[in-house]
Number of protein chains: 2
Amino acid sequence: MLTDRQLLLLQLIIDDFIETAHPVGSRALSKKDKIPYSAATIRNEMADLEELGFLEKTHSSSGRVPSEKGYRYYVDHLVSPISNPEGIKFINDIMKDGFFEFEQIVQMSAEVLSELTNYTSIILGPELNSTKLKQIQIIPLTSHTAVAILVTDTGHVEHRSFSIPDVIQPSVIEKMVNILNDRLQGVPIVQLEEVFHKEITNLMKKYIQDFDKSYEYLKSIFTQEHPVKIYVGGKSNILLQPEFNDVNKIRAFYAMMDNENEIANLLKNSKHGIEVTIGNENEFEAIKDFSLITASYQLGKGQLGTIALIGPTRMEYKKVISLLSSLSKEMSEALYKWYKSYK
Amino acid sequence: MLTDRQLLLLQLIIDDFIETAHPVGSRALSKKDKIPYSAATIRNEMADLEELGFLEKTHSSSGRVPSEKGYRYYVDHLVSPISNPEGIKFINDIMKDGFFEFEQIVQMSAEVLSELTNYTSIILGPELNSTKLKQIQIIPLTSHTAVAILVTDTGHVEHRSFSIPDVIQPSVIEKMVNILNDRLQGVPIVQLEEVFHKEITNLMKKYIQDFDKSYEYLKSIFTQEHPVKIYVGGKSNILLQPEFNDVNKIRAFYAMMDNENEIANLLKNSKHGIEVTIGNENEFEAIKDFSLITASYQLGKGQLGTIALIGPTRMEYKKVISLLSSLSKEMSEALYKWYKSYK
DNA sequence: ATTAGCACTCTGTCGGTGCGAGTGCTAACA
DNA sequence: TGTTAGCACTCGCACCGACAGAGTGCTAAT
């Protein structure tokens with residue numbers, strides 16, 4: 001168990017390192033107001049803290065740097081989230097505006113968040129397996145192309161172009177759309193293809209003449225990939241951090257960020273509440289040098305999405321944690337308002 | 001006027017520098033097969049070429065490096081675009097597939113291009129002022145929201161959500177849509193708002209009861225920003241170039257790439273054919289260290305879009321110019337095919 | 001238990017040195 | 001007169017040693 005003095009020191013060391021990115025030495029620490037101990041005493045304590053695994057040295061005679069275990073302890077026990085009135089006000093102001101689309105709210109939030117923190121923000125849309133189809137429409141464009149409009153219960157609107165058989169009457173299309181709506185409303189997006197195949201096909205055959213000819217075309221609406229939507233803000237913020245003076249690190253970071261699937265995987269295990277993963281705690285090699293803070297936001301009937309910040313392990317946890325929790329709350333609220341108006 | 005020998009030397013120097021990124025010295029040059037002259041002779045010629053402004057030294061006793069004027073001359077007179085069978089085959093293979101959407105073709109092209117060149121590719125959608133509305137549809141979603149589907153004559157499909165007055169009958173919406181389609185078909189996207197305001201309003205008032213109530217709502221369809229679509233491929237390719245070992249340069253580059261408007265400005269002055277701007281030739285500060293190669297592609301009735309590559313001034317012009325011209329041709333063809341099928 | 005003092009360690013910087021690549025110039029040559 | 005060999009000179013760069021600065025660990029005194 002750590003003594004009070006050790007806790008104090010650990011906290012101050014990490015605070016200091018987070019601020020300056022320089023290893024913290026005993027002498028500088030002893031000069032701080034809060035510290036009545038001499039440098040020597042601090043050195044002894046530091047040696048103990050190092051032995052316990054909370055601190056590290058970059059070389060044998062350098063100052064101390066927090067280890068991942070140190071950050072972990074810091075985040076779990078020592079961080080007192082500071083309130084951030086300006087940040088929250090900023091968020092409030094933004095959220096006050098009316099929004100028409102889910103996308104707007106989310107993209108805006110991502111941008112605000114990265115702006116306020118100077119880290120990179122990532123927002124994942126609501127989980128697909130809980131998002132359901134609300135409505136489907138088909139609009140013929142030309143004699144043999146059409147666009148299908150899918151609307152989800154989260155208000156997400158999507159269009160998918162597809163081709164249609166040469167000779168198909170508008171009235172037939174209308175009929176088909178009616179059947180689709182009748183049967184597919186409320187079906188989770190990820191199951192659309194399956195349900196279409198299993199339930200709709202036979203029904204269609206009964207009511208639509210020559211449906212076989214249309215089958216493949218119609219099917220393509222549901223087989224087209226439904227990519228997880230990812231919203232990113234402040235991609236280049238990471239370049240402002242001194243630890244990313246190394247071109248190779250930058251390369252690794254951007255290689256990861258260019259791969260949306262990987263990002264989605266990174267975030268999709270998120271649970272309720274705020275979660276912090278530090279460096280190697282994360283299972284993905286690509287971000288073993290980073291910290292990831294995730295929070296979930298809520299949309300309507302309890303569908304969850306994830307909002308995250310990615311930055312160096314030397315992250316301003318204090319500031320960021322409180323900001324993220326305000327933002328996720330504000331976002332959920334804005335989304336709720338929007339959701340209600342949209343219902 | 002340059003002598004033949006000077007031309008040869010200039011060409012070889014630039015070729016060499018493009019390949020290696022190292023300043024080219026007289027001795028190394030004299031060893032090349034094509035060169036029967038001694039290092040001393042070459043030194044004299046180099047001095048002349050430098051005096052003429054085609055070459056530069058990085059320091060007083062370094063080898064020579066092409067100046068921007070040098071690159072310019074090289075591009076204008078010395079580049080013999082090499083054919084690139086594999087690249088072209090690759091492009092052909094990709095373009096062979098059927099596409100449903102304009103977006104697919106374009107995004108694919110951007111990715112192929114950056115893959116083949118290792119530079120960053122940017123493709124600008126067709127100019128807005130030549131893109132016209134083909135069809136508009138309005139689909140009510142809830143009692144007071146609806147989504148408008150705009151289809152352009154380039155096959156671009158776009159949806160815009162908006163709110164609708166509380167009490168409006170579906171039949172009324174249908175009527176409005178009919179009027180809109182009747183009057184707005186063929187109107188350039190950028191003029192939609194104006195035409196709506198000037199021509200439609202009165203018409204609507206005549207045929208639609210209580211149109212005043214709907215005016216603002218309907219108008220918002222046309223006032224929502226219609227952003228220029230930009231497709232980017234290989235954003236992180238630039239990091240592979242040795243000249244971008246400098247974090248500040250990287251920062252500048254990504255700052256620019258994050259700003260879509262700036263990119264659009266960069267490219268929108270493009271004319272027919274292939275154009276190369278080298279370093280400071282470009283009017284934008286942000287890319288004074290870069291070269292930009294643009295080509296235009298054609299879509300249907302002569303609407304032009306721009307396809308571009310951005311990389312270091314030390315770019316493989318030979319390879320890139322031929323690739324870009326093939327790709328723009330292939331793209332135009334694929335788009336034409338698609339356009340025809342879409343008509 | 002705390003602290004002052006001291007020897008020690010490691011980093012980063014600064015000046016110097018030597019090497020390699022390259023230049024410019026001059027004089028000799030064809 | 002154009003070309004070339006030779007040579008002195010210039011930089012950049014890598015390496016080295018010295019040294020200051022920051023920091024540590026340990027010991028002995030308080």
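Remember, predicted model here, so these are calculated numbers, not experimental data. Lettering follows sequence order; numbering is per chain, from 1.
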With heavy-atom distances below 4.5 Å as the criterion, would you say the side chains of [X] and [Y] are in contact?
{"X": "B:Lys288", "Y": "B:Glu281", "value": "no"}
{"X": "B:Tyr317", "Y": "B:Ile14", "value": "no"}
{"X": "A:Tyr119", "Y": "A:Pro312", "value": "yes"}
{"X": "A:Glu111", "Y": "A:Val232", "value": "no"}

- Message: Can a side-chain donor-acceptor contact be found between A:Ser322 and A:Ser325 if the only test is distance below 3.5 angstrom?
- Response: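 No donor-acceptor contact under 3.5 Å links the two side chains.
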- Message: Below 4.0 Å from chain B heavy atoms, what is the first contacting nucleotide of DNA chain D and what is the last?
- Response: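 Nucleotide range in contact with chain B: D:dT3 to D:dG12.
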Atom pair [atom1] ([X]) and [atom2] ([Y]), whose distance is rounded to the nearest 0.5 Å:
{"X": "A:Glu262", "Y": "A:Ile287", "atom1": "CD", "atom2": "CD1", "value": "9.0 Å"}
{"X": "A:Phe284", "Y": "A:Leu266", "atom1": "CZ", "atom2": "CG", "value": "5.5 Å"}
{"X": "B:Leu309", "Y": "B:Leu116", "atom1": "CG", "atom2": "CG", "value": "9.5 Å"}

- Message: Please tell me if A:Thr41 has a side-chain N or O lying less than 4.0 Å from either OP1 or OP2 of C:dT3.
- Response: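 Yes, A:Thr41 has a side-chain N/O under 4.0 Å of OP1/OP2 on C:dT3.
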- Message: Is there a side-chain contact between B:Arg64 and the phosphate of C:dA21, meaning an N or O under 4.0 Å from OP1 or OP2?
- Response: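 No, because none of the side-chain N or O atoms of B:Arg64 sits under 4.0 Å from OP1 or OP2 of C:dA21.
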- Gap between atoms CZ and P, on A:Arg27 and C:dA4 respectively (whole Å):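 Answer to the nearest Å: 12 Å.
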Nucleotides 26-28 of chain C: which of its N/O atoms have a protein N/O under 3.5 Å away?
none

- Message: By nearest heavy atom, map A:Tyr37 and B:Glu50 onto DNA chain C; which one lands nearer the 5' end?
- Response: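 Residue closer to the 5' terminus by nearest nucleotide: A:Tyr37.
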- Message: Ring centroids only, cut at 6.0 angstrom: are B:Tyr74 and B:Phe54 within range, meaning strictly under it?
- Response: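 Centroid separation for B:Tyr74 and B:Phe54: 6.0 Å or greater.
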- Query: Relative to each other, are the rings of B:Phe17 and B:Tyr71 parallel, tilted or perpendicular (30° and 60° limits)?
  - Reply: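 Aromatic pair B:Phe17/B:Tyr71 classed tilted.
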All N/O contacts under 3.5 Å from nucleotides 9-13 of chain C to the protein, with atom names and distances to one decimal?
{"from": "C:dT9", "atom 1": "O3'", "to": "A:Ser60", "atom 2": "OG", "distance (Å)": "3.0"}
{"from": "C:dT9", "atom 1": "O2", "to": "A:Ser61", "atom 2": "OG", "distance (Å)": "2.6"}
{"from": "C:dC10", "atom 1": "OP1", "to": "A:Ser60", "atom 2": "OG", "distance (Å)": "3.2"}
{"from": "C:dC10", "atom 1": "O5'", "to": "A:Ser60", "atom 2": "OG", "distance (Å)": "3.4"}
{"from": "C:dC10", "atom 1": "O4'", "to": "A:Ser61", "atom 2": "OG", "distance (Å)": "3.1"}
{"from": "C:dC10", "atom 1": "O3'", "to": "A:His59", "atom 2": "ND1", "distance (Å)": "3.3"}

